[in-house]
Amino acid sequence: MSFFHELAHQYIDGEWLTGSGSWDIIDFNPYNGEKLAAVTVATALEVDRAYRAAERAQREWASVNPYERRAVLERALRITGERAEEIAEAIIDELGGTRPRARYEVDGATEFLREAIRQALRPSGRLLPAVGDGRENRLYRLPVGVVGVISAFNFPFLVTMKSVAPALALGNAVVVKPHQNAPVVGGGLIAKIFEDAGLPAGLLNVVITDSAEIGDAFIEHPVPRVISFTGSDRVGRHIAATAAGAFKRTILELSGNSALVVLEDADVDYAVRSAVFSRFLHQGQVSMAANRILVDRSLAEEFTAKFTAEVAALRAGDPRDPETRIGPVINAFQADALGALVDRAVADGATALVRGPTVGNVVGPTVLTGLAEDSPLLQQEILGPVALLMTFDGEEEAVRLVNEGPYGLSGAVHTRDAERGVKFAQRIVSGMFHVNDSTVHDDPLVAFGGEKTSGVGRLNGEAVVEAFTTQRWMSIQHGRSVFPY
């Protein structure tokens, strides 16, 4: 418990502080309801202090030798490795993640730190040809300055790290606003790692608060030039509009309604295992999760029997039990909403092939089929262990069904002919699509992001250089220009 109390604070300009707000965010264990910590919220005054500290510190950090920046990140990587078990324990307690899921997140964040170390030494400029004689064109890559990061609750350590680490590596300062359900894993833990790694004060700040307290102050503040947000498309739409009014750049990783497609020539057993993982990882609270499982009618009977048997066998309960695969959803509101969603679907004619009981915040895995093609449920993101099973007749219908709706984040197709799968994937409007694998992937080297209302911009690899730097053109005339007047 002292671990959570220590890190459940504001972290501003190198100091661990208590917010000056008039109310507390209570950090609960979603499985047993245990109170982990209480955090007095930051006000707009603390947000301003954090951004001003970041602005001051960044000026010097931008001029630091990239090898020195790399050394800080290398120490952060070493500390993360040494504390991997401690971080995993925090994920289990604060988020209700199972141990395999917790290690999955820690391992992923570690890979993003490794890539950030390499990014610290990426080329920072180019020489380009010039139209006029005697002229030299230089194009510099410079840090944007200060980046505001608003992270989600579902994979907060990984999601926050994949913005924070490269932003720092590229010479920026960062202010993080973690999700109020993950103030430690998505905020305090990361601040502590970089503090112990020797990151100079002010370069990374964490403000734990809520829009009910600060309104749009985190977005509208004049200091940050980029806002990196992970969360729902509803909130993302508001952030985009607010940031655009202040001419800020946004990187938005938003909601998804991904489909996993099983064509008639697929390996059914493998496709079933992929579908179970794609839908039920972290209780389905993953934006890339396969909400919809689409199966060619010729395989429907076999696939359905095997899929429902696998889902029904998933143990739901205590995330500390090594046999548990389905832990709690993040809070009681989400548990109640999922129950109401399934009840409404069944009332509208859907059939529950599997429906596990709900005990506290643990929602048993559910498989629904027989939904009408115009069911609103097929058009929305479901952050929970509920799978929608559909059949289709032929590849053309599958493409149409996948592309219907407002989202375009991820997806997968299963077929014994990999090149057929590639051609199928090319017809899908989606930021990411995978052949013969799960819908859930994140790779430090590959651009990550969505199309349509699933997001704007990309992270990872070269994309983070684009996200967290700006280009400045400088020309030098070595001779004399001839002017028309």
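All figures in this text were calculated on a predicted structure; none of them were measured in a lab.
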Pair [X] + [Y]: basic N to acidic O under 4.0 Å:
X: Glu466; Y: Arg141; value: yes
X: Arg99; Y: Glu85; value: yes
X: Arg52; Y: Asp13; value: no
X: Glu15; Y: Arg49; value: yes
X: Arg101; Y: Glu105; value: yes

(message) Please determine whether side-chain contact (heavy atoms from CB on, under 4.5 Å) holds for the pair Val174 and Leu168, giving the CA-CA distance in whole Å, both sets of side-chain angles, and the decisive distance to 0.1 Å.
(response) CA-CA 7 Å; Val174 182; Leu168 291 172; 4.1 Å; yes
(message) Can you tell me how the ring of Tyr104 sits relative to the ring of Phe277, calling it parallel under 30°, perpendicular over 60° and tilted otherwise?
(response) perpendicular
(message) Looking at Arg320, I'd like to know if its CZ atom is crowded, meaning that more than 12 non-hydrogen atoms belonging to other residues, nucleotides or ligands lie closer than 6.0 Å.
(response) yes
(request) Mark yes when over 12 heavy atoms from residues, nucleotides or ligands other than Glu60 sit less than 6.0 Å from its CD; otherwise mark no. (result) no
(message) Distance to the ring centre below 6.0 angstrom and angle to the axis at most 45 degrees; does that hold for Lys162 and Phe448?
(response) yes
(request) Report yes or no: is the cationic atom of Arg273 (NZ for Lys, CZ for Arg) under 6.0 Å from the centre of the six-membered ring of Phe307, at an angle within 45° of the ring normal? (result) no
(request) Answer yes or no: is there a side-chain heavy-atom contact under 4.5 Å between Asn460 and Val446? (result) no
(message) So Tyr407 and Ser255, do their side chains get closer than 4.5 Å, heavy atoms only?
(response) yes
(message) Is there a side-chain contact (heavy atoms from CB on, under 4.5 Å) between Leu260 and Leu294? Walk through the geometry before answering.
(response) CA-CA 6 Å; Leu260 186 144; Leu294 277 59; over 6 Å; no
(request) Please lay out, stage by stage, how Trp16 and Lys192 fare under the test side-chain contact (heavy atoms from CB on, under 4.5 Å). (result) CA-CA 10 Å; Trp16 296 92; Lys192 183 63 175 171; 4.2 Å; yes
(request) Give a yes or no answer on whether the side chain of Gln58 reaches the backbone of Asn172 with a donor-acceptor pair at less than 3.5 Å. (result) no
(message) Using a 3.5 Å distance criterion without hydrogens, assess whether the side chain of Asn403 forms a donor-acceptor pair with backbone atoms of Val429.
(response) yes
(message) Working note: Val342 + Arg355, criterion side-chain contact (heavy atoms from CB on, under 4.5 Å); need CA distance, chi angles, decisive distance, verdict.
(response) CA-CA 9 Å; Val342 173; Arg355 185 168 189 184; 3.4 Å; yes
